[in-house]
Number of protein chains: 2
Amino acid sequence: MQNLTEQPITAADKTFFQLRKDIVEGVVLAGSKLSETELSTKYGVSRAVVREAINRLEACHIVERKANVGARVVSLSAEGLVDLYQVRESLEGMAARLAAQNMTDDEIADLNGLLNVHSQDVKNHGSYYQEAGDVDFHYRIILGSKNNHLIAMLVNGIYHLVRMYRVQLGMSGPRVSTAFDEHKHIVQAISNRDGELAEMLMRRHILYSKNNIQRKLAPEQG
Amino acid sequence: MQNLTEQPITAADKTFFQLRKDIVEGVVLAGSKLSETELSTKYGVSRAVVREAINRLEACHIVERKANVGARVVSLSAEGLVDLYQVRESLEGMAARLAAQNMTDDEIADLNGLLNVHSQDVKNHGSYYQEAGDVDFHYRIILGSKNNHLIAMLVNGIYHLVRMYRVQLGMSGPRVSTAFDEHKHIVQAISNRDGELAEMLMRRHILYSKNNIQRKLAPEQG
DNA sequence: CAACCTGATGTTGTCGACAATATAGCAAAG
DNA sequence: CTTTGCTATATTGTCGACAACATCAGGTTG
């Protein structure tokens with residue numbers, strides 16, 4: 001008997017994942033054109049699967065396509081970042097609210113455990129582990145919302161764009177310990193089943209995060 | 001010279017629009033299977049364009065697809081409705097906040113004008129016009145946010161699902177005048193450039209709307 | 001009789017070829 | 001010299017055919 005939740009993986013899936021990875025990590029440059037024929041030879045599949053992959057990338061706002069002209073990787077801009085983080089603030093705020101109301105006690109205990117591990121990692125290692133830990137933290141709260149629409153939008157949609165901004169603008173550095181405190185307070189609110197507070201704290205957390213990135217992106221304002 | 005903003009419309013576009021319309025309006029039943037060959041003969045196009053249309057519908061969460069099995073129209077359920085409206089509350093709340101900060105004075109004046117027309121319509125006609133007016137009202141505020149991510153998610157994504165629930169559950173009826181008052185207060189907040197209040201009022205407005213639909217969907221609770 | 005295997009059938013996934021459209025370069029008129 | 005129109009080229013949009021897979025019916029074995 002095979003695992004029932006496991007999906008078969010088609011060539012289009014693989015191409016989609018690979019292309020998304022290449023774009024997010026900057027192997028394929030932001031703003032560059034995506035030629036279907038070129039990509040089909042590059043990934044060793046037919047144009048049809050490349051088209052399907054590009055269509056899916058368009059659905060997550062990672063590429064833009066014009067009829068009869070073609071698809072381009074989105075360009076990273078200050079406005080785009082602000083737009084993205086406003087949506088993120090809104091959706092993840094709601095996720096935190098719902099997580100406070102829908103997560104099981106076990107899941108909340110796990111979340112507290114993650115926070116402890118995280119705390120150790122911050123002391124021992126550098127900021128990269130923080131990055132992974134941060135993603136994990138937000139990921140668990142999103143899943144904790146138990147809202148499938150929310151989960152799909154954030155996990156399959158927005159988060160890869162967020163990662164793209166982070167990777168290509170070289171995020172890391174400070175804000176490690178302060179972000180950790182913010183995480184701790186959010187988990188406290190969730191533990192207390194205080195959705196209202198959890199949402200507020202999550203929104204402020206993401207707002208601060210946005211301001212932090214913006215400061216790096218436009219340093220002439222300092 | 002032709003209009004620069006006008007996009008060429010491909011067969012895939014037309015098929016996508018038509019199929020979405022048929023699904024939202026119940027011509028194609030919720031939960032039913034979408035056979036690619038069947039649809040290709042029905043709409044007179046090749047399987048490739050049907051596939052592209054289905055892919056786009058999957059991106060807006062109107063159909064679900066399993067590899068090597070096929071696509072099904074989503075089933076309408078109480079849980080799905082709750083999930084959907086929670087996302088809507090979150091995103092449209094943010095839209096109202098941003099609209100208060102980003103709409104021009106002219107746009108706000110237009111919005112007030114719409115409210116007046118709307119007020120007349122409610123007195124003269126029935127609830128159907130209310131439905132159209134309601135959509136128009138929310139639509140303007142969404143656009144007023146000037147946030148392209150938000151606009152795309154709501155207009156191209158969520159709103160067709162909302163319409164699907166409304167149409168197929170036979171929404172209309174009461175809540176006309178109370179909804180109108182809520183609209184009025186939201187516009188007042190936007191006019192005062194009070195984003196905080198606009199968001200709160202919009203969220204409550206959508207929450208009430210959700211409760212109203214839920215009451216119809218599960219009348220055994222009364 | 002139940003469980004499993006096997007083959008037939010219809011569906012989706014993938015492919016290469018053709019048609020339609022946009023773009024760049026060149027030629028000609030003003 | 002600039003601008004307009006045309007042609008050549010390359011890209012995307014669309015199509016029909018084949019391959020891979022899921023599903024169901026019938027037969028076989030324990």
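Chain naming here is simple, since letters A, B, ... match the order of the sequence lines and numbering starts at 1 in each. What's counted below: heavy atoms across the whole structure, side chains too, no hydrogens, waters or symmetry copies.
Distance B/Arg72 CZ to C/dT12 C1': 15 Å, rounded to the nearest Å. A straight line from CD of B/Glu36 to C1' of D/dA22 spans 14 Å, rounded to a whole angstrom. In this structure, A/Leu34 places its CG atom 17 Å from C1' of D/dA10, rounding to the nearest Å. The nearest whole Å value for the distance from the CG atom in B/Asn68 to the P atom in D/dT23 is 9 Å. When the C1' atom of D/dA22 is taken as reference, atom NZ of B/Lys33 falls 11 Å away, rounded to whole Å.
Using cut-offs of 30° and 60° on the angle between ring planes, the pair A/His205 and A/His183 is perpendicular.
With values rounded to the nearest 0.5 angstrom, B/Arg56 atom CZ is found 12.5 Å from B/Ile54 atom CD1.
Formation of a donor-acceptor pair under 3.5 Å by the B/Tyr85 side chain with backbone atoms of B/Val162 is not found in this model.
For B/His149, the side chain to side chain contact (heavy atoms under 4.5 Å, CB included) test picks out A/His61, A/Asp83, A/Leu84, A/Val87, A/Leu161, B/Asn147, with sequence neighbours left out.
With C/dG13, D/dT12, D/dT14 as the choices, the nucleotide that has an atom nearest any side-chain atom of B/Ala11 turns out to be D/dT14.
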Problem - CA sep, side-chain torsions, deciding dist, call: A/Glu182, A/Arg204, salt bridge (charged side-chain N to carboxylate O under 4.0 Å, His left out) - result: CA-CA 9 Å; A/Glu182 290 163 19; A/Arg204 296 182 76 136; over 6 Å; no

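In this structure, A/Glu64 places its CD atom where only 12 or fewer heavy-atom neighbours from other residues, nucleotides or ligands lie under 6.0 Å away.
For the segment residues 59-66 of chain B, the set of residues with a heavy atom within less than 4.0 Å of an atom of DNA chain D is empty. Looking at residues 39-55 of chain B, you'll see B/Val45, B/Ser46, B/Arg47, B/Ala48, B/Val49 sit with a heavy atom under 4.0 Å from some atom of DNA chain D.
In this structure, B/Ala99 and B/Arg193 approach most closely via the heavy-atom pair O-NH1, 4.1 Å.
Under 4.0 Å is where a charged nitrogen must lie from a carboxylate oxygen, and between B/Glu199 and A/Arg203 at least one such pair does.
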